[in-house]
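Side chains included, hydrogens not; waters and symmetry mates left out as well; all remaining heavy atoms used.
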Amino acid sequence: MGYINIINAFWDSATTNPLPTGQVSLYMALLHVCNRSGWAEWFQAPNQVLSVLTGLSRSGIQKARNGLKQRGLIDFRERGTRATLYRIAMANSNQDSVQDGGQKGVRNGGQDSVQDSGTLKDIDRDRKRERMRAPVVERFDDFWAAYPKRGNDRPSAERAYCRVLREDCHITEDDLVAAAANYADAMRMLGREGKYIRSAASFLADDFFAAYLPGQYVRPEERQKGVKNGFNRFAQNEYDFGALEDELLAN
């Protein structure tokens, strides 16, 4: 089975068993690296390289590769601080035919080789388009309006917003808008100042936002002025801390 046939077989399978975009991007990137590695049965692919090829974060790569392994499309071996080893099932089940086909193309040359080269260029171009294509975004403005802290980081926030939608097909734009509103509610209830509120891009990173999704968000108790603390063994005094602060600043 040659390079083109592997890709066609993958898309045929994906037609009946759809994959998340992150898994599609990672599979195509691994296939590219495998090809560059001369169709070795096991080849290494550093996360930094895969991140550049797919646009996925480290956690996104880990999630996507677990999904591909569960589908029987790839296998991988983690090696601690060294680059992870990968194996592509369809490619390696026909490794000899792939290598023979490649060698035959080199020997024969001529028109067929030129056509194959053009086809591979087309595949590379299509893969780049797929990698750069962002999910359809319709509610980022709503997310941005609901978020409690808006500054000059809107572009980075929008990239993080798209990355979440691309990496997790179960998260919707409605979920992210609701999470932003819930986070704003929590910060208001807790009386947090702006400097203690995460930027929108940070809020969307590393699944921090997950605690504020619908069904996950637990509203904090509102702080009441003048509530005594829990040290009941000591005499308590109630202070107007706002007035004290104004007096200190005035001096």
Side-chain angles (χ1 to χ4, degrees), residues 1-43 45 47 49-78 84-102 105 115-139 161-176 207 210 213 215:
M1 182 181 290
Y3 195 177
I4 306 303
N5 290 333
I6 294 173
I7 293 176
N8 288 337
F10 171 78
W11 286 121
D12 289 342
S13 175
T15 302
T16 55
N17 299 286
L19 283 74
T21 307
Q23 292 184 22
V24 173
S25 298
L26 180 60
Y27 185 84
M28 289 300 173
L30 289 173
L31 196 59
H32 172 73
V33 176
C34 182
N35 178 49
R36 294 294 188 185
S37 301
W39 299 100
E41 181 176 3
W42 289 93
F43 58 94
N47 284 335
V49 173
L50 295 179
S51 181
V52 170
L53 293 175
T54 65
L56 297 173
S57 64
R58 181 185 181 88
S59 61
I61 291 171
Q62 293 173 341
K63 184 175 182 179
R65 75 187 185 190
N66 287 335
L68 291 172
K69 182 174 182 177
Q70 290 175 1
R71 291 173 179 262
L73 293 172
I74 69 166
D75 194 5
F76 62 87
R77 298 173 183 168
E78 293 183 302
T84 301
L85 291 176
Y86 290 89
R87 178 180 183 274
I88 296 180
M90 284 191 291
N92 291 284
S93 63
N94 299 276
Q95 184 180 5
D96 292 339
S97 63
V98 172
Q99 291 177 335
D100 291 344
Q115 290 175 344
D116 288 344
S117 176
T119 304
L120 291 177
K121 289 180 180 179
D122 292 339
I123 292 171
D124 285 339
R125 184 180 64 249
D126 292 342
R127 183 167 53 251
K128 289 178 182 177
R129 288 176 178 172
E130 175 67 24
R131 185 172 66 249
M132 305 239 351
R133 185 173 59 197
V136 176
V137 173
E138 298 177 343
R139 300 203 60 193
Y161 182 92
C162 292
R163 184 173 61 249
V164 170
L165 295 174
R166 183 173 62 243
E167 293 181 1
D168 193 334
C169 62
H170 300 295
I171 299 295
T172 67
E173 290 196 81
D174 291 342
D175 291 333
L176 294 181
D207 294 335
L213 290 172

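- Salt-bridge formation is detected for the pair E41/R87: a Lys NZ or Arg NE/NH1/NH2 atom is positioned less than 4.0 Å from an Asp or Glu carboxylate oxygen.
- Shortest non-hydrogen contact noted between R139 and E173 is N-OE1, 2.7 Å.
- Contact of the L56 side chain with the L50 side chain is not registered, since no non-hydrogen atoms from C-beta on lie closer than 4.5 Å.
- Between T15 and D12, the side chains place no donor N or O within less than 3.5 Å of an acceptor N or O (distance only, hydrogens not considered).
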* To do: With side chain to side chain contact (heavy atoms under 4.5 Å, CB included) as the test, would you mind laying out the steps for I7 and M28 before giving the verdict?
  => CA-CA 8 Å; I7 293 176; M28 289 300 173; 4.0 Å; yes
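- D207 is linked by a salt bridge (Lys or Arg N to Asp or Glu O under 4.0 Å) to nothing, counting only residues two or more places apart in sequence or in another chain.
- Without hydrogens or angle criteria, N8 side chain to N5 main chain gives no donor-acceptor distance under 3.5 Å.
- R166 contributes no side-chain N or O that, together with a main-chain N or O of P20, makes up a donor-acceptor pair within less than 3.5 Å.
- The shortest non-hydrogen separation linking G72 to A89 is O-CB, 3.4 Å.
- Smallest separation of non-hydrogen atoms from F43 and L30: CZ-O, 3.5 Å.
- Closest approach of R71 to Q23, counting heavy atoms only: NE-OE1, 3.4 Å.
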* Does the side chain to side chain contact (heavy atoms under 4.5 Å, CB included) test come out yes or no for W42 and D75, once each step is laid out? -> CA-CA 9 Å; W42 289 93; D75 194 5; 3.7 Å; yes
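- In this structure, S51 and R58 have side chains that are not in contact, with every pair of non-hydrogen atoms separated by 4.5 Å or more.
- Rounded to the nearest 0.5 Å, atoms CG (D175) and NE2 (H170) are 11.5 Å apart.
- Counted by atom type alone, Y86 and R65 present one or more donor-acceptor pairs between their side chains at under 3.5 Å.
- For S13 (side chain) and A9 (main-chain N/O), no donor-acceptor pair under 3.5 Å exists by modelled atom type.
- Between Y27 and L19 there is no side-chain heavy-atom pair separated by less than 4.5 Å.
- V24 is listed as a side-chain neighbour of F10, based on a closest heavy-atom distance under 4.5 Å.
- Using a 4.5 Å heavy-atom threshold, the side chains of R77 and T84 count as separate.
- The backbone N or O of G22 lies less than 3.5 Å from no partner atom in the side chain of S25, so there is not a single donor-acceptor pair.
- Side-chain atoms of I88 and L73, non-hydrogen and from C-beta on, never get closer than 4.5 Å to each other.
- Atom-to-atom distance recorded for T54:OG1 and L26:CG is 6.5 Å, nearest 0.5 angstrom.
- A donor-acceptor pair is defined here as one N or O able to donate and one able to accept, closer than 3.5 Å; such a pair exists between the side chain of S57 and the backbone of G60.
- Listed for the N66 side chain is a donor-acceptor partner under 3.5 Å among the backbone atoms of Q62.
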* Asked: Checking side chain to side chain contact (heavy atoms under 4.5 Å, CB included) for the pair L165/T21: CA distance, chi angles, key distance, verdict?
  -> CA-CA 9 Å; L165 295 174; T21 307; over 6 Å; no
